[in-house]
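Below: one structure, written as structure tokens.
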Amino acid sequence: MSGRAGREPRRLTRWWRRRSLRTRLTVIAATAIAVSVFVAFQVASELMDWELRDTTENQLRADSRVLATDAQRAGLAQVQLPPYAESGRLVRVILPDGSTRTPAGQPALPAVSEQAGRVAQGASADLMESKDSEEGYLIYTLRAGDGAVQVARAADDSPINRFGFGMLLIGLLCVVGGALVGRTVARTGLAPIDRLAAAAVRVAHTRDLDAYIPDEGGGEIRRLIRSINDMLAALRDSRRAQRLLAEDAAHELKTPLTSVRLNVELLIRLDRRGTLDSALPAESRTRLLNDLGAQVAELTTLAAELTDLARGDVSDENTELLDLADVVVAAATRARSRVPDIEVALDVTSVWVSGRPAALQRAVLNLIDNAGKWSPADQPVQVRLRAEGASAVLEVDDAGPGIDAADVPRVFDRFYRADSARALPGSGLGLSIVQRVVDAHGGRATVARSARGGALLRVDLPAAAPPAPIARLTAGEDTGVH
């Protein structure tokens, strides 16, 4: 039984949630008016009942005083009682012995109460009481002579009933009117939302992100429309960025794929003719296979960088408090293992940051790889890390030819490669990934000319307080890693 009772409210809640906002507003408006009319009816009924009762009591007191004056003059047993007029007041005389006198033909009143009897015996001067019977009476008892007189009136609920019927009609009219007004107001107030919904449906069907929803209405409606327009603008930018990424990727993949395809076709054609050995001496064949291997490696690197860049962010990795010096050392170790000829000189100091270790290591590795392409064989890539104010500053410089002033604004653009770098391996994505990682960590990446004449790439990241145990351990000590 209790389970069924519990399901009913949930069913009602589900029904209510399925209703449209316009229907909800209409129901709420009608309900509010109905409740207001009911409360007003209750208050007005109480006030009217109190007023009618007060008027009746005053009339009973006045009639009782007149009857008591007559009874004192003529005596309770001889006073002439007014004839019953078929309606209105009723009278009764209580004699000293407890018996009563009433006019001929008058309906019987309820028996004299004990309190009214004490009034007749002189215990009190008067008494106003209600008698609940088949027909309710309001009876006033007043001491007169050796007894008492009583004047009563039957309770008349007809004015209250007529008033209630009138209030019911008014209430129904108000509820209907309130529902209509609520419907109209909801339709008018929700018209901008209807247009907004229609625009959203149109965008979903046509895939036209260039749509613009007119800024109308006010308050919450205007903020909602502006938010939708901002979202459409963000989606346009995202789609434009995806299109550019796809176009750039296709362009960058075309050259190595064409080279691989031509070399493979040459090998296949010579092999089918049976002239592979004669047409390609061992030295040429080795050079061609090495070229193919280099092109496949370039494609592999490009595919990995495209995958990393296409993710758009690095939010899939948890942020943690880490020592950036450890990240730099690990990146330098990876760079040496990938290109044994590269020489990396480290000058790093322990600086704590809040970041994503894998993403930061990838960014540092790209910086070192980029510097390694330009640095002469006898000149190491210098990597420096230090704390500077509230920032962790990482600098990577090489002794290469440096970056032309015209190329500086576009160094971190994806797929951008300076004319002097066309002959070198690479995709033009490495520094773009660095920029994205640095931006995701709230930092800044810049480029300048180093003191050695090459390029100086600098990354500023917000520094963080080291963990408490580490802070105690290294207090007053040099934490540099060389």
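Just so it is clear, the model here is predicted, and its values are computed rather than measured.
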Got [X] and [Y] here, is their nearest side-chain heavy-atom distance under 4.5 Å?
X	Y	result
L138	E57	yes
E320	S354	no
V327	L322	yes
V447	L456	no
T446	R444	yes
V328	L346	yes
T55	Q59	no
Y140	R61	yes

Between atom [atom1] of [X] and atom [atom2] of [Y], what is the distance when rounded to the nearest 0.5 Å?
X	Y	atom1	atom2	answer
R143	L127	CZ	CG	14.0 Å
L60	L90	CG	CG	10.0 Å
R226	N229	CZ	CG	9.5 Å
D70	Q78	CG	CD	13.5 Å
D63	L142	CG	CG	11.5 Å
L324	L461	CG	CG	6.5 Å

Trace of the salt bridge (charged side-chain N to carboxylate O under 4.0 Å, His left out) decision for E388 with R386 | CA-CA 6 Å; E388 190 172 291; R386 67 183 181 276; 3.0 Å; yes
Where [X] and [Y] come nearest, the two heavy atoms and their spacing:
X	Y	result
L76	A144	CD1-O, 3.5 Å
A335	I368	CB-CG2, 3.7 Å
V119	S124	CG2-OG, 3.0 Å
L321	A464	CD1-CB, 3.6 Å
V434	A363	CG2-O, 3.4 Å
L365	A331	CD1-O, 3.5 Å

For [X], side-chain hydrogen bond (donor to acceptor under 3.5 Å, both in side chains) partners two or more places apart:
X	value
S64	none
S99	D97
Q72	none
R384	Q382, E395, D397

If only atom types and distance count, is the side chain of [X] paired as donor or acceptor with the main-chain N or O of [Y] below 3.5 Å?
X	Y	value
N58	D54	yes
Q106	V91	yes
R101	A77	yes
H441	A359	no
D323	S350	no

Run the side-chain contact (heavy atoms from CB on, under 4.5 Å) check on V437 and L360 step by step: do they pass?
-> CA-CA 7 Å; V437 172; L360 289 173; 4.1 Å; yes
Check step by step if side-chain contact (heavy atoms from CB on, under 4.5 Å) holds for L385 and V393.
-> CA-CA 6 Å; L385 174 66; V393 178; 6.0 Å; no
Assess whether salt bridge (charged side-chain N to carboxylate O under 4.0 Å, His left out) is satisfied between R458 and D460, documenting all intermediate values.
-> CA-CA 7 Å; R458 170 171 169 152; D460 293 73; 2.9 Å; yes
Please table the atom pairs, donor to acceptor, closer than 3.5 Å between any side-chain atom in residues 107-114 and protein atoms at least two apart or in another chain.
unit_1: S113; atom_1: OG; unit_2: A116; atom_2: N; d: 3.2
unit_1: S113; atom_1: OG; unit_2: E129; atom_2: OE1; d: 3.1
unit_1: S113; atom_1: OG; unit_2: E129; atom_2: OE2; d: 3.2
unit_1: E114; atom_1: OE2; unit_2: R118; atom_2: NH1; d: 3.2

L394/L367 under side-chain contact (heavy atoms from CB on, under 4.5 Å): CA gap, chis, key distance, verdict = CA-CA 10 Å; L394 172 68; L367 289 173; 4.1 Å; yes
Among all residues two or more places apart in sequence or in another chain, which pass the salt bridge (charged side-chain N to carboxylate O under 4.0 Å, His left out) test with D146?
->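 Salt bridge (charged side-chain N to carboxylate O under 4.0 Å, His left out) list for D146, sorted by chain: empty.
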Test L67 against L81 for side-chain contact (heavy atoms from CB on, under 4.5 Å), laying out the working first.
-> CA-CA 8 Å; L67 183 57; L81 300 178; 4.2 Å; yes
